[in-house]
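For reference, the structure discussed in these notes is given below.
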Amino acid sequence: CPRWEEEKKEGGVKWTQLEHRGPYFAPLYEPLPDDVQFYYDGKPLKLSLATEEIATFYAKMLDHEYTTKEIFQNNFFNDWRKEMTSKEQEIIQELDKCDFGEIHKYFVDKNEARKALPKEEKQKLKEEAEKIQEQYGYCILDGHREKIGNFKTEPPGLFRGRGNHPKMGMLKKRIMPEDVVINCSKDSKIPEPPAGHRWKEVRFDNTVTWLASWTENIQNTLKYIMLNPSSKLKGEKDWQKYEVARRLKDVVHSIRAQYQADWKSKEMRKRQIAVALYFIDKLALRAGNEKEEGETADTVGCCSLRVEHIKLHPSLEGQRHLVEFDFLGKDSIRYYNKVSVEKMVFKNLQLFMKNKDPGDDLFDRLNTVILNKHLQRLMDGLTAKVFRTYNASITLQEQLKALTKSEDNVAGKLLSYNRANRAVAILCNHQRSTPKTFAKSMQILQTKIDAKKQQVEEAQEKLKKAEEELEDTKDPKAEVNVEKQKKLLKRLEEQLAKLNVQATDKEENKQIALGTSKLNYLDPRISIAWCKKFGVPIEKIYNKTQREKFAWAIDMTDEDFEF
């Protein structure tokens with residue numbers, strides 16, 4: 001039977017046997033060649049090894065938007081100066097006087113040289129990478145050889161963060177074996193640390209699924225080496241996550257009826273819980289208070305919204321009871337939305353904001369602990385994330401039913417699928433900035449479209465001539481030629497239609513990140529059932545890695561699946 005249908009273990013035990021090699025550490029720094037120099041105030045300056053390494057981190061990013069941001073520049077310079085020798089600190093006082101140009105060019109050239117390597121050299125590098133993957137990329141878990149997800153430690157560099165993160169530009173330090181906690185089974189062969197080093201700790205904890213962990217220095221949060229998404233434990237967890245969301249389907253109508261009734265409650269806390277739950281349900285807002293330890297960005301969720309984060313408009317843009325949201329959500333991504341809400345929600349918000357300052361909590365009788373206890377009472381296992389998963393999956397299923405036309409070709413059906421997925425990404429606020437390569441790739445696509453249009457016009461002309469020849473001569477050969485030209489024209493028109501669909505899809509997706517919801521919030525069985533029902537190859541929706549992650553869903557789903 002499939003691995004995820006094997007007998008489950010009791011009492012929170014996840015495994016009985018776990019053996020692995022430990023993490024693969026980022027290679028040590030290679031000093032720059034003598035002819036590649038750093039300049040300060042127009043003069044060459046030889047840097048100490050540690051200072052030079054950090055200078056290369058900044059130099060590599062010179063053509064990136066990050067290095068134009070003041071907060072990135074300030075954080076980098078502050079952290080860089082801490083690592084300098086006292087002599088370097090005396091000389092290097094201002095970032096504006098630093099010239100990283102030669103270093104930047106060195107790495108650009110090195111990158112281009114790597115791309116231009118002969119096929120044999122590239123093959124050698126590929127084989128070396130495969131050898132490392134073979135040694136470190138697998139573990140033995142309860143007799144199964146399972147793939148490990150991220151078996152390499154992150155190399156040192158500059159922290160980027162998402163959105164306008166206040167710590168962007170800070171120095172991510174090198175992870176050493178002395179930082180790493182190893183987790184394995186007692187009777188397994190304990191991984192050997194690199195020569196001259198030792199592990200921080202070795203644990204034998206079979207109630208967790210991570211293989212190694214360490215604390216990163218920027219946010220002071222734990223990082224883990226985990227199993228690959230295609231592994232048995234990850235598959236089980238995924239499956240259970242979507243089954244909990246499916247259970248919500250049976251009680252969601254009574255939950256909605258209850259929170260609507262509570263909008264009129266005599267108890268202020270009940271009213272606040274009811275309005276917060278409405279936002280979580282209808283707008284897929286996160287609960288809030290999800291900041292990681294050490295996080296300094298002013299990010300909020302539903303429970304931690306302040307009065308300054310919303311504006312109330314009794315009437316605006318032809319809509320009644322409009323609420324305008326504007327705040328920084330998870331990962332410092334801005335959430336901006338104008339939503340028409342129920343009249344009682346609007347009245348309650350007016351009440352919650354009465355006599356409060358902009359910096360006061362909107363829901364002053366509520367926090368995530370209170371909200372989560374309330375959600376648990378409504379349904380076992382219910383959290384704000386379950387609501388998000390439920391609404392994302394239901395939205396996809398409904399949109400696919402509404403948008404898919406069985407008579408469309410595969411390209412047309414895929415456009416419908418991406419439009420349905422986009423509705424979910426918008427609901428969940430999964431944004432991205434327009435890719436730097438967008439304009440160029442659209443230009444290339446437009447050139448292909450123009451060339452294909454030309455081919456279609458030429459084929460139409462040839463068909464017209466062939467039909468005229470047949471009319472004049474009634475020659476059987478001319479009839480064969482007409483059929484041939486018709487087939488050619490049809491094929492070219494289909495190719496043109498496919499290119500036009502690609503262009504539309506690309507344009508509509510330029511600022512929407514479809515991947516996050518597809519991999520984390522959408523029950524894969526909905527997509528697989530849709531593929532089977534409409535004859536769309538699954539590989540058009542999920543790449544190889546994703547198909548491995550969702551192997552459990554591919555195995556058990558037929559075209560009649562309903563979330």
Side-chain angles (χ1 to χ4, degrees), residues 1-25 126-154 177 180-193 199 201-214 222-246 381 518-520 522-525 527-528 538-539 541-558 561:
C1 67
R3 292 170 301 167
W4 43 83
E5 290 180 15
E6 287 176 0
E7 195 178 330
K8 306 285 184 290
K9 294 177 173 59
E10 300 288 321
V13 171
K14 303 285 195 292
W15 46 263
T16 50
Q17 179 204 15
L18 177 62
E19 188 170 303
H20 57 93
R21 290 282 301 266
Y24 181 78
F25 289 92
K126 190 183 172 189
E127 284 167 9
E128 283 169 22
E130 283 169 357
K131 195 176 173 186
I132 293 167
Q133 168 80 42
E134 197 59 34
Q135 280 184 297
Y136 291 88
Y138 293 90
C139 67
I140 302 297
L141 182 93
D142 294 344
H144 292 292
R145 186 171 184 262
E146 296 276 20
K147 205 172 182 182
I148 299 171
N150 50 332
F151 62 89
K152 294 179 177 181
T153 61
E154 246 189 289
V180 175
V181 177
I182 293 289
N183 192 31
C184 58
S185 50
K186 273 185 182 176
D187 56 354
S188 71
K189 188 184 175 192
I190 293 166
E192 288 284 334
W199 303 121
E201 186 190 336
V202 177
R203 283 187 201 168
F204 312 108
D205 186 353
N206 62 5
T207 64
V208 296
T209 57
W210 53 267
L211 287 69
S213 76
W214 59 88
L222 281 166
K223 294 282 183 182
Y224 298 98
I225 285 183
M226 307 288 278
L227 292 162
N228 187 276
S230 63
S231 68
K232 171 179 176 277
L233 285 177
K234 288 276 189 179
E236 276 176 1
K237 201 174 173 185
D238 244 13
W239 182 15
Q240 287 159 11
K241 175 177 83 174
Y242 292 114
E243 285 303 300
V244 171
R246 285 180 88 196
K518 191 158 88 170
L519 293 181
N520 300 304
L522 298 175
D523 189 326
R525 292 171 291 185
S527 300
I528 292 157
I538 290 171
E539 50 271 26
I541 301 295
Y542 296 122
N543 63 30
K544 185 174 181 287
T545 307
Q546 292 162 352
R547 291 197 301 277
E548 287 173 359
K549 173 181 167 70
F550 295 135
W552 61 271
I554 292 168
D555 248 29
M556 67 172 68
T557 309
D558 60 33
F561 173 81

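A donor-acceptor pair under 3.5 Å links the side-chain atoms of E19 to the main chain of K189, judged by distance alone. Not a single donor-acceptor pair under 3.5 Å links the side chain of D523 to the backbone N or O of Y242. Judged purely by atom type and a 3.5 angstrom limit, H20 uses its side chain to pair as donor or acceptor with the backbone of N183. A donor-acceptor pair is defined here as one N or O able to donate and one able to accept, closer than 3.5 Å; such a pair exists between the side chain of Q17 and the backbone of G143. Of the possible donor and acceptor atoms, one in the side chain of W199 sits under 3.5 Å from a partner among the backbone N and O of P191.
Using a 4.5 Å cut-off on side-chain heavy atoms (C-beta onward), Y138 and Q133 make contact. I190 has its side chain within reach of F204: a pair of non-hydrogen atoms, C-beta onward, lies under 4.5 Å apart. Looking at heavy atoms from C-beta onward, Y224 lies out of side-chain contact with V208 at the 4.5 angstrom threshold.
Heavy atoms only, all atoms of each residue included: W15 and L141 are closest at CB-CD1, 3.7 Å. For D205 against T207, the heavy-atom pair with the smallest separation is OD1-OG1, 2.6 Å. Closest of all the heavy-atom pairs between L519 and K549 is O-CE, 3.5 Å. Of all heavy-atom pairs spanning Y542 and K518, the tightest one is CE2-CG, 3.9 Å. Scanning both residues, I225 and P23, for their nearest heavy atoms gives CD1-CB, 3.3 Å. Scanning both residues, W552 and P524, for their nearest heavy atoms gives CZ2-CG, 3.6 Å.
Taking a 6.0 Å sphere around NZ of K223, one finds it holds 12 or fewer heavy atoms contributed by other residues, nucleotides or ligands. The number of heavy atoms from other shown groups lying within 6.0 Å of CD (Q135) is above 12.
The CH2 atom of W214 sits 9.0 Å away from the CD1 atom of I182 when rounded to the nearest 0.5 Å. Atom-to-atom distance recorded for D142:CG and N206:CG is 9.5 Å, nearest 0.5 angstrom. Taken from NZ in K147 to OG1 in T545, the straight-line distance is 6.5 Å, to the nearest 0.5 Å.
A salt bridge links E243 to R246: one of the charged nitrogens lies within less than 4.0 Å of a carboxylate oxygen. For E127 and K131, the salt-bridge test fails: no basic side-chain N is under 4.0 Å from an acidic carboxylate O.
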Quiz prompt | Full working for side chain to side chain contact (heavy atoms under 4.5 Å, CB included) between I132 and F151 | solution = CA-CA 10 Å; I132 293 167; F151 62 89; 3.8 Å; yes
Practice problem: Start with the C-alpha gap between L211 and C139, add the side-chain angles, then the distance that decides, and say whether side chain to side chain contact (heavy atoms under 4.5 Å, CB included) holds. | Solution: CA-CA 9 Å; L211 287 69; C139 67; 4.0 Å; yes
Exercise. Show your working on side chain to side chain contact (heavy atoms under 4.5 Å, CB included) between M226 and T209 and close with a plain yes or no.
Key: CA-CA 7 Å; M226 307 288 278; T209 57; 3.8 Å; yes
